[in-house]
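Contents: one structure, followed by commentary.
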Amino acid sequence: DVIVTSSDGQNVYVGSFPGSALAVFQRNRQGGQLAQLAGEAGCITAAATSGCDTALAMTAIEGLAVSGDGASVFAAAAGSNAVLAFARDPVDGSLAQVGDGSGCVTQAPIEGCSTGRQLSGSNAIALSPDDSNVYSTSLISEATTSFLRSPTTGGIEQLGGALGCV
């Protein structure tokens, strides 16, 4: 499991490895209390679950990172061998997986995702200080992978050739 706070301090995001889910909380900036967002805005899962939204390639969330500009949240999904990108609503902090194939990059082809390299067991994730790149480590592939982040959508694309994985 993993937990991160948004750069503006407004939200807390919790990734569940066994639950293959992401929970979204509103954070009281004064006292630090948490309240889960209502309905589908409060959770995202790999499989249809009552009251939660769904996203592609969500199996076994092991890493989370929020962009410094607060516009995106990224996840490493070890069970899906994937790196995921979510657009973050600046008002309530709710998340929506980026579309057009740039919201998930997976080791094996999954409809709706882009296919990447050396992503087996993706387990940690970080962003560059300028938010232009996303990096992930992969436990099984024993690799560090590099992605370009779209400044407009937050979607990701693995860098080509040797630049995309070490």
Exercise. Got a donor-acceptor contact below 3.5 angstrom from the Gln10 side chain to the Val91 backbone?
Worked result: yes
Exercise. Are Phe25 and Leu22 in one and the same hydrophobic cluster, where Ile, Leu, Val, Met, Phe, Trp and Tyr link if side-chain heavy atoms are under 4.5 Å apart?
Worked result: no
Exercise. Do other residues, nucleotides or ligands put more than 12 heavy atoms under 6.0 Å from the CD atom of Glu157?
Worked result: no
Problem set entry | Any pair counted as salt bridge (Lys or Arg N to Asp or Glu O under 4.0 Å), so long as it reaches residues 70-83, sequence neighbours left out | none
Problem set entry | Ile44 versus Met58, closest heavy-atom pair with distance | O-CE, 3.4 Å
Exercise. How far apart are the closest heavy atoms of Arg117 and Gly161, and which atoms are they?
Worked result: NH2-O, 2.8 Å
Exercise. Once you round to the nearest 0.5 Å, how far does CD of Gln158 lie from OG of Ser114?
Worked result: 10.0 Å
Exercise. Any side-chain heavy-atom pair from Gln107 and Ile140 closer than 4.5 angstrom?
Worked result: no
Exercise. Do Ser7 and Asp69 get their side chains close enough for a donor-acceptor pair, meaning under 3.5 Å?
Worked result: no
Exercise. Donor-acceptor pair, Thr54 side chain versus Ala48 backbone, under 3.5 Å?
Worked result: no
Exercise. Between the side chain of Asp131 and the main-chain N/O of Ser67, is any donor-acceptor distance below 3.5 Å?
Worked result: no
Exercise. Any chain of hydrophobic side-chain contacts (each under 4.5 Å) joining Phe74 to Val24?
Worked result: no
Exercise. If you measure from SG on Cys104 to CD on Gln97, what distance do you get to the nearest 0.5 Å?
Worked result: 4.5 Å
Exercise. Just by distance, with hydrogens left out, do Ser72 and Arg149 show a side-chain donor and acceptor under 3.5 Å apart?
Worked result: yes
Exercise. Do Val98 and Ile110 share a hydrophobic cluster (ILVMFWY, side-chain heavy atoms under 4.5 Å, transitive)?
Worked result: no
For this session: Spell out, as yes or no, whether a donor-acceptor pair under 3.5 Å connects the side chain of Asn11 to the backbone of Asp92.
Result: yes
Exercise. Do side-chain atoms of Ser141 reach the backbone of Ala143 as a donor and acceptor pair under 3.5 angstrom?
Worked result: no
Exercise. To the nearest 0.5 Å, what is the distance between OG1 (Thr106) and CG (Leu56)?
Worked result: 9.0 Å
Problem set entry | From Leu84 atom CG to Cys113 atom SG, the distance as rounded to the nearest 0.5 Å | 7.5 Å
Seminar exercise, completed: Value for CG (Leu163) from CG (Leu148), rounded to nearest 0.5 Å, stands at 11.0 Å
For this session: Could you list the residues that satisfy side chain to side chain donor-acceptor pair (under 3.5 Å) with Asp130, not counting sequence neighbours?
Result: Ser128, Ser132
Exercise. In a check of side chain to side chain contact (heavy atoms under 4.5 Å, CB included) between Val134 and each of Val105, Thr145, Ile156, which one passes?
Worked result: Ile156
Exercise. Which heavy atom in Leu64 sits nearest to a heavy atom in Val4, and how many Å separate them?
Worked result: O-CG1, 3.4 Å
Problem set entry | Residues, nucleotides or ligands: over 12 heavy atoms within 6.0 Å of Gln33 CD | yes
Problem set entry | Nearest non-hydrogen partners of Gln118 and Ser138, listed with the distance | O-OG, 3.0 Å
Exercise. Which heavy-atom pair separates Glu62 from Phe17 by the least distance, and what is that distance?
Worked result: OE1-CE1, 3.3 Å
Seminar exercise, completed: Between Val14 and the options Ile61, Val2, Leu34, Ile3, the side chain to side chain contact (heavy atoms under 4.5 Å, CB included) test singles out Ile3
For this session: State whether the side chain of Ser122 and the backbone N or O of Asn81 hold a donor-acceptor pair below 3.5 Å, judged by distance alone.
Result: no
Exercise. Can you name the closest pair of heavy atoms from Ala21 and Thr45 and give their distance?
Worked result: CB-CG2, 3.8 Å
Exercise. Taking the side chain from Ser136 and the backbone from Ala124, do they hold a donor-acceptor pair closer than 3.5 Å?
Worked result: yes
Exercise. Any chain of hydrophobic side-chain contacts (each under 4.5 Å) joining Tyr13 to Ile125?
Worked result: no
Problem set entry | Cys165: partners by disulfide (SG to SG under 2.5 Å), with sequence neighbours left out | none
